[in-house]
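What you see below is based on every heavy atom in this structure, not just the backbone, and it leaves out hydrogens, waters and symmetry mates.
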Amino acid sequence: MGPCILLLVMCVGLVVADRKMTVAEKLKEDADLSQFLALLERNVVANTSLHYRQMTLFAPTNEAFQRYMGEMDDNLVLYHISNLATTLTNLDYAISSELDGNPPLWVTRRHDAMHDDIYVNNAKVFISRSYQSVNRNNKRQVLHVIDQVLQPLQPHGPGSVSSPVYSPNAYQFLEHSDVFNIGQHRLRSFRQKVNQLQKSKVFNAEGRHTFFIPVDEGFEPAARSDLIDEKVIDGHVIPHHVLFTHATPDAKEFETLAFGDNVKVIVSFSTTMNGKEEITYVKSNTVAGDAKHSRGVVLADIVRANIPVKNGVVHLIQRPLMVVDTTIINFLKEKEDGPLCKFYEVLMDLGPNNQFYTELTLAKDITLFAPSNEAWAELSVQNIIRNHQKLKEILNLHLVRERLPMDAIIHNNMNQIYQAPTALPRKYLYFNILTRGQNQTLTVEGGGVNATVIQPNIAATNGFVHIIDRVLGVPYTTVFEKLKADPMLNITYNLGKRQMFNHQLNDMEHRYTYFVPRDHAWLKFQIRHPSAYKALFREDFGYFTKQILERHVIRAGRAYTVSDLKLLANETHPFVLPTSRDPLRLRVKESDKNYYVEWNGHWIHVFRPDVECTNGIIHVIDEPFVLESDIRATGASERLNLPFLVPVLSASYFLTKLFEN
């Protein structure tokens, strides 16, 4: 071989080595995309485009194909291809696909504090795996790897219709729904209402929107159809947003077309697990209603999600939104795998005509705090279920005989003094509101258990249902853990850090009865005795702080409820209980359904009696047991002589301590 030829071969080799891999070569190199490549190579149009045209490919991983349950034909690949080369930076709004009718692929950019995610329809783009290059014909091409197969809206199998509708908008889909492959679902009832009320323009609207269409099964009972008017139709449309389920954050609220001067309806998604199955719900929340449209939340299963149409996305739902026409008991049993199906199973274990079932059926104005399906899986709860008498008490603890929407609870609880009487005699529910930015979270305590309201304001004809994340009345925390977690007891918990006083309260070998001043009590204490209050938190006063707290704790072989103490000590004969510090001489009385304990000649209100824990009972009180001689500052500090002290705390100090924890 001559020198010139050798030099030419070397130069060609260098050019080849420096040339960037084409998208076709990238697909062949990546074993994780082999199923997509095989699909692409079987389609003549797609394969030709790969070698001769500019394009964007959305390539699902092999795992995505394994999870795909839709139809798999050679044309499916065309729904994953666009004839423009679109990089990550330019992925926005919508892209036309190469499938017949050029149906759009909808792009969503989802922002959070850590990073930005990009979705195409319901598929997430693996941003780090996106790749761009030019093919052998110097045409620019872009590859995006995605985590789901894109499923187009397709007609039934070939030959089923003479002229299928390609790339329909939402109204065309609704009008010709029998033509499309949507399983066994039928949409005739809702279609009739849309046409009868002349609301087709809502579903024909150009742009990008989200549409919720109830299936025919959701129109039982038949009278439900009569409750659907123009405003309810509007409540099934979210304008100017294309919301695919995975691309939309849970609980993020969107205004519907039914958001005007009088009626205001917002919609959001929520996802829960039923065993290993993920269930997605849509919920309408009528935040402002009128005589025809009740306030509150209506939950509906999404029975077929993420159907792409020319003007957005359609979700088929199990029942109409906004329509409140079921009692609480009917809501519980509406679906075998519904969000409260475990609660209904537990209820029915007591027999089909038990007292609690009857009350949920016949009562006119009630509120049910219903534990979620997951809440019933706790081992301690499982043990309670077997004891029917205890179970009846537990269920009654979750029922309030008045209508209590969340905003009413928040209003009543502005000063942390609201107590809601339950169907269990002498037992109350207590509430706390946690505010983070614009969001408010409601917690409820009953029988020593703090639960978070995870879905408020489900509306029924006879009241409201609030779904909570724990079963009330079944303790799962020690006295120490309860003290640490309860936002109303934060100050006593912080004081107990001195001299490691709190540590004993985790001990399971003893039973504790702890009279705990609530934060509001310490606030009053600080206002009346600011120097003494400040001294309680000083390191050099730790021993004295511990002495005061010891007076509040009884450690024995059993714990005492307020009823126990009332039997042992009435208004005329005090009962002496041993504490780590001084004998605790108490008398107990009941007045206007409230308990009071007398200590040192003063009657103190028991704000929350009988907060049960796994190793004892807490009684939340409105004043601490403090003597005049308890705290004296010496040396450079001011000498403190305390008359009878009443409890309480500074708002600024309380917030400081709260955020420390």
Under 4.5 Å between any side-chain heavy atoms of Asp234 and Val202, yes or no? yes

Qualifying side-chain hydrogen bond (donor to acceptor under 3.5 Å, both in side chains) pairs with a residue from residues 200-214, counting only residues at least two apart or across chains: Asn169-Asn204

If you compare all heavy atoms of Asp519 against all heavy atoms of Pro487, which two are closest, and at what distance to 0.1 Å? OD2-O, 3.1 Å

Between Ala251 and Ser268, which heavy-atom pair has the shortest distance, and what is it? C-CB, 3.9 Å

How close do His398 and Leu472 get, counting heavy atoms only, and between which atoms? NE2-N, 3.0 Å

When every non-hydrogen atom of Pro475 is compared with those of Thr614, the smallest separation belongs to O-CG2, 3.8 Å

Assess whether side chain to side chain contact (heavy atoms under 4.5 Å, CB included) is satisfied between Gln148 and His246, documenting all intermediate values. CA-CA 11 Å; Gln148 288 190 24; His246 284 175; 2.9 Å; yes

Test side chain to side chain contact (heavy atoms under 4.5 Å, CB included) applied to Ile233 and Ile228, step by step: CA-CA 7 Å; Ile233 297 290; Ile228 296 180; 3.8 Å; yes

Charged N to carboxylate O below 4.0 Å: is that the case for Lys427 and Glu393? no

What heavy-atom pair brings Gln419 and Phe607 nearest, and what distance separates the two atoms? NE2-O, 3.6 Å

Heavy-atom neighbours of His388 NE2 exceed 12 at 6.0 Å: yes

Sequence neighbours excluded, which residues qualify as salt bridge (charged side-chain N to carboxylate O under 4.0 Å, His left out) partners of Arg295? Asp407

Do His176 and Pro168 come within less than 4.5 Å of each other through their side chains, counting heavy atoms only? no

Drop me the distance from Arg608's CZ to Leu429's CG, to the nearest 0.5 angstrom. 11.0 Å

Test salt bridge (charged side-chain N to carboxylate O under 4.0 Å, His left out) applied to Arg401 - qualifying residues, sequence neighbours left out: Glu359

What side-chain hydrogen bond (donor to acceptor under 3.5 Å, both in side chains) pairs are there with at least one residue in residues 463-474, not counting sequence neighbours? Arg470-Tyr476

Please determine whether a side-chain nitrogen of the Lys or Arg among Asp117 and Lys124 lies less than 4.0 Å from a carboxylate oxygen of the Asp or Glu. yes

Could you check if a side-chain atom of Ser167 sits within less than 4.5 angstrom of a side-chain atom of Pro104, using non-hydrogen atoms only? yes

Within a strict 4.5 Å, meaning less than it, do heavy atoms of the Leu227 and Val232 side chains meet? no

Take Tyr357 and Leu350 through the test side chain to side chain contact (heavy atoms under 4.5 Å, CB included) and record every step on the way to the result. CA-CA 9 Å; Tyr357 181 98; Leu350 295 176; over 6 Å; no

Taking the side chain from Asp178 and the backbone from Leu187, do they hold a donor-acceptor pair closer than 3.5 Å? no

Check whether any side-chain heavy atom of Glu445 lies under 4.5 Å from a side-chain heavy atom of Val620, and answer yes or no. no

Mind checking what makes salt bridge (charged side-chain N to carboxylate O under 4.0 Å, His left out) contact with Asp229, not counting sequence neighbours? none

Between Leu360 and the options Asn462, Thr327, Val465, Leu399, the side-chain contact (heavy atoms from CB on, under 4.5 Å) test singles out Leu399

4.5 Å side-chain heavy-atom contact, Glu175 and Gln172: no

Main-chain N/O of Val265 paired with Thr256 side-chain donor or acceptor, under 3.5 Å: yes

Show your working on side chain to side chain contact (heavy atoms under 4.5 Å, CB included) between Lys252 and Phe254 and close with a plain yes or no. CA-CA 7 Å; Lys252 184 173 181 179; Phe254 296 87; 3.7 Å; yes

Does a side-chain heavy-atom distance below 4.5 Å link Leu332 with Phe343? yes

Hey, is CZ on Arg109 packed in by over 12 heavy atoms from elsewhere, all under 6.0 Å? yes

Under 3.5 Å, sequence neighbours excluded: what are the donor-acceptor pairs made by side chains of residues 214-221?
from, atom 1, to, atom 2, distance (Å)
Asp216, OD1, Arg188, N, 3.0
Asp216, OD1, Ser189, N, 2.9
Asp216, OD1, Ser189, OG, 3.4

Under the rule for salt bridge (charged side-chain N to carboxylate O under 4.0 Å, His left out), what residues qualify as partners of Lys231, not counting sequence neighbours? none

For His619 together with Tyr595, are the ring centres under 6.0 Å from each other? no

With rounding to the nearest 0.5 angstrom, report the NE2 to CG distance, His605 to Asn594. 3.5 Å

Show every donor-acceptor pair shorter than 3.5 Å between a side-chain atom in residues 297-311 and any protein atom, with sequence neighbours excluded, or say none if there are none.
from, atom 1, to, atom 2, distance (Å)
Asp301, OD2, Lys335, NZ, 2.8
Arg304, NH2, Asn181, O, 3.2
Asn306, OD1, Thr245, N, 3.0
Asn306, ND2, Thr245, OG1, 3.0
Asn311, OD1, Ala170, N, 2.9
Asn311, ND2, Phe203, O, 3.0
Asn311, ND2, Ala205, O, 2.8

Results of side chain to side chain contact (heavy atoms under 4.5 Å, CB included) for Ile384 - residues two or more places apart only: Lys390, Ile394, Val474

Hey, does the side chain of Asn121 reach the backbone of Ala123 with a donor-acceptor pair shorter than 3.5 angstrom? no

CZ (Phe259) and CD1 (Ile238) are apart, to the nearest 0.5 Å, by 12.5 Å

Verify, without hydrogens or angle tests, whether Asn373 (side chain) and Lys342 (backbone) share a donor-acceptor contact under 3.5 angstrom. yes

Check for a donor-acceptor pair, side chain of Trp376 on one end and backbone N or O of Val381 on the other, with a separation under 3.5 Å. no

Gap between atom CG of Leu197 and atom CD of Glu230 - 0.5 Å precision: 4.5 Å

Please check if any side-chain donor atom of Tyr171 sits under 3.5 Å from a side-chain acceptor atom of Asn195, or the reverse. yes

Quick one: does Val562's side chain get under 4.5 Å of Arg426's, heavy atoms only? no

Name all pairs fulfilling the ring-ring contact (aromatic ring centres under 6.0 Å, His included) condition that reach into residues 301-331, sequence neighbours left out, sorted by first residue then second. Phe212-His315, Phe269-His315

Using atom types as modelled, flag every donor-acceptor pair under 3.5 Å from a side chain in residues 449-457 to any protein atom, sequence neighbours excluded.
from, atom 1, to, atom 2, distance (Å)
Asn450, OD1, Lys482, NZ, 2.4
Gln455, OE1, Lys283, NZ, 2.5
Asn457, OD1, Met406, N, 2.8

Ala247 and Asn122: which non-hydrogen atoms are nearest, and at how many Å? N-OD1, 4.0 Å

List, one per line, each side-chain donor-acceptor pair under 3.5 Å for residues 364-372, sequence neighbours excluded.
from, atom 1, to, atom 2, distance (Å)
Asp365, OD1, Arg403, NE, 2.5
Thr367, OG1, Glu402, O, 2.6
Thr367, OG1, Leu404, N, 2.7
Ser372, OG, Glu374, OE1, 3.4
Ser372, OG, Ala375, N, 3.4

